[in-house]
Amino acid sequence: MAFNNTKTRYGGVTKTFHWLTAALIISLIPLGMIANDLPHATGEELAQKALLFSIHKTLGVAVFLVALARILWAVTQPKPGLLNADKKPEAFLAELVHWLLYASLVLVPLTGWIEHAATSGFAPIWWPFGQSLPFVPKDETLAHLFATLHAVFGKVLIGSVLLHIAGALKHHVIDKDATLRRMWFGRIADPVLPQQTHSRLPQIAASAIYAVAIGLGLTFGMTATSTGEQRPAASLQQVASDWTVTDGQIKIALSQFGNTVQGQFTDWTAAIAFSETPTDGKNGTVETTINIGSLTLGSVTQQALGADFFNVSGFPTAIFAADILPAGDGYIAKGILTLKGRAVPVDLPFSLAIAGDTATMSGTTTLDRRTFGIGETYADESTIGFGVAVSIDLTATR
């Protein structure tokens, strides 16, 4: 069997690319649909969902790489002529589907890959590369936008695949020509080709369809991003404080399926009373109130806000009230964290640098999620780790 194409038949390399791509696509589409619909209320369900998504993503990267190799090979080869070139409507549709498929085989996995790279945690890719991509930041808004594009482009791919299969069956069953047979392995007689016509219209039509798809993806993605997910909102009142926080972050990090998932609370207040000179053994007090609904945690944000985890509907805020005590070269905030209705003693060691009326603070601690009844159905660490690292960094003025 010849490796290269001719004007009338496909070579072995092209056939291998075709059927390898077909096998990957036929596996990927149902995998993604099934994984998306699976529940994740328990650790076992989440593990199964993540497994299918990992397979889907890993095969998706393979499709992208195979598609690039296939396109590079195609541009070096003559393209066998159409057996129905004399039937212009059919020939136009065949060429249109051809261009849509090539575009989809690149754009669908690429947008899914960018979504994955922009998202923190959940269902890793199993290749030794690709967990992150150059110039793609970890950003929930970006991830959601590309998830929408991935979904819209996926529908174009499914439609193109169905039309491609329908066309191949028509040629084989109704027309009884060699269109399907010459893409299969083995030798066949060179078919007699009708006169070929070359037109840019199928490329223009495919470009127009994808322009509409991109427009829909951007519109729905940006609209959903701008309106955001509907979350129960806590109303945090301004607090009186001797020190005013001008910049700060409260971040959390946890392990999910062996990968670190990072997030942060973007809405919180802090009432701080602090003096460099201790009185009765303490330097002051702090009370921090956190709007739980302001959490962002990559692809699992909504799950984290649900009843089994933070239960934002029932417990919209968390409060940490503590005394500030000297501890070696730094300090420790020693107090009570009230989270999800449970009041638990917590120590937060931190460093502090004061220059004039500006203070810079940095502290870390680790909490056990089980202490607060978070993720109780995830009874072991095979899916979600018990330890949750909390880091606080802020700048305040007196």
Side-chain angles (χ1 to χ4, degrees), residues 5-11 13-15 17-18 21-22 24-25 28-29 60 63-115 145-172 174-175 177-180 182-183 191 193-223:
N5 294 355
T6 69
K7 289 293 185 180
T8 59
R9 66 172 64 189
Y10 294 99
V13 175
T14 299
K15 292 177 182 180
F17 275 134
H18 177 274
T21 303
L24 289 170
I25 292 299
L28 271 168
I29 292 174
V63 167
F64 178 74
L65 298 177
V66 169
L68 290 183
R70 180 177 179 177
I71 291 170
L72 290 173
W73 175 255
V75 299
T76 68
Q77 298 292 302
K79 183 182 176 184
L82 295 175
L83 298 184
N84 61 348
D86 54 334
K87 301 175 182 178
K88 291 188 177 181
E90 287 187 17
F92 169 81
L93 186 58
E95 288 292 294
L96 172 61
V97 170
H98 166 88
W99 288 108
L100 287 175
L101 280 172
Y102 268 115
S104 298
L105 291 175
V106 173
L107 293 175
V108 174
L110 179 60
T111 50
W113 198 354
I114 293 175
E115 176 202 354
L145 176 59
F146 275 90
T148 306
L149 288 169
H150 181 68
V152 174
F153 294 170
K155 289 177 172 56
V156 177
L157 172 62
I158 292 172
S160 302
V161 168
L162 292 176
L163 286 172
H164 184 66
I165 293 172
L169 291 176
K170 176 187 178 295
H171 280 286
H172 192 68
I174 298 175
D175 299 339
D177 62 28
T179 297
L180 180 58
R182 68 175 177 170
M183 184 53 81
L193 299 178
Q195 184 173 351
Q196 303 292 306
T197 58
H198 300 284
S199 171
R200 295 282 184 183
L201 286 179
Q203 297 177 42
I204 295 171
S207 298
I209 290 172
Y210 251 102
V212 172
I214 291 170
L216 289 173
L218 292 175
T219 299
F220 290 126
M222 294 300 293
T223 300

Could you tell me which non-hydrogen atom of [X] sits nearest to which non-hydrogen atom of [Y], and how far apart they are?
X: Arg182; Y: Pro80; answer: NH1-CB, 3.7 Å
X: Arg70; Y: Leu105; answer: NH1-CD1, 4.1 Å
X: Ala74; Y: Tyr102; answer: CB-OH, 3.9 Å
X: Val63; Y: Pro109; answer: CG1-CG, 4.1 Å
X: Asn5; Y: Gln77; answer: N-OE1, 2.8 Å
X: Leu96; Y: Ala206; answer: CD1-N, 3.4 Å

About how many Å separate [atom2] of [Y] and [atom1] of [X], when rounded to the nearest 0.5 Å?
X: Leu100; Y: Gln203; atom1: CG; atom2: CD; result: 11.5 Å
X: Thr14; Y: Met183; atom1: OG1; atom2: CE; result: 7.0 Å
X: Leu180; Y: His172; atom1: CG; atom2: NE2; result: 5.5 Å
X: Ile29; Y: Leu162; atom1: CD1; atom2: CG; result: 7.5 Å
X: Lys170; Y: Asp177; atom1: NZ; atom2: CG; result: 8.0 Å
X: Asn84; Y: Asp175; atom1: CG; atom2: CG; result: 7.5 Å

Greater than 12 external heavy atoms within 6.0 Å of Trp99's CH2: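 No.
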Residue Lys79 excluded, over 12 heavy atoms near NZ under 6.0 Å: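 It does: Lys79 NZ has more than 12 such atoms within range.
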Criterion side-chain contact (heavy atoms from CB on, under 4.5 Å) on Val106 and Ile71, from CA distance to verdict: CA-CA 10 Å; Val106 173; Ile71 291 170; 3.7 Å; yes
Min side-chain heavy-atom separation Leu82-Glu95 under 4.5 Å: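 Leu82 vs Glu95: side chains touch.
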Check against side-chain contact (heavy atoms from CB on, under 4.5 Å), Leu145 and Met222: CA-CA 6 Å; Leu145 176 59; Met222 294 300 293; 4.1 Å; yes
Worked verdict on Phe146 versus Trp113 for side-chain contact (heavy atoms from CB on, under 4.5 Å): CA-CA 9 Å; Phe146 275 90; Trp113 198 354; over 6 Å; no
Tyr210 and Phe153 aromatic ring geometry - parallel, tilted or perpendicular at 30°/60° bounds: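 Answer is perpendicular, since the angle exceeds 60°.
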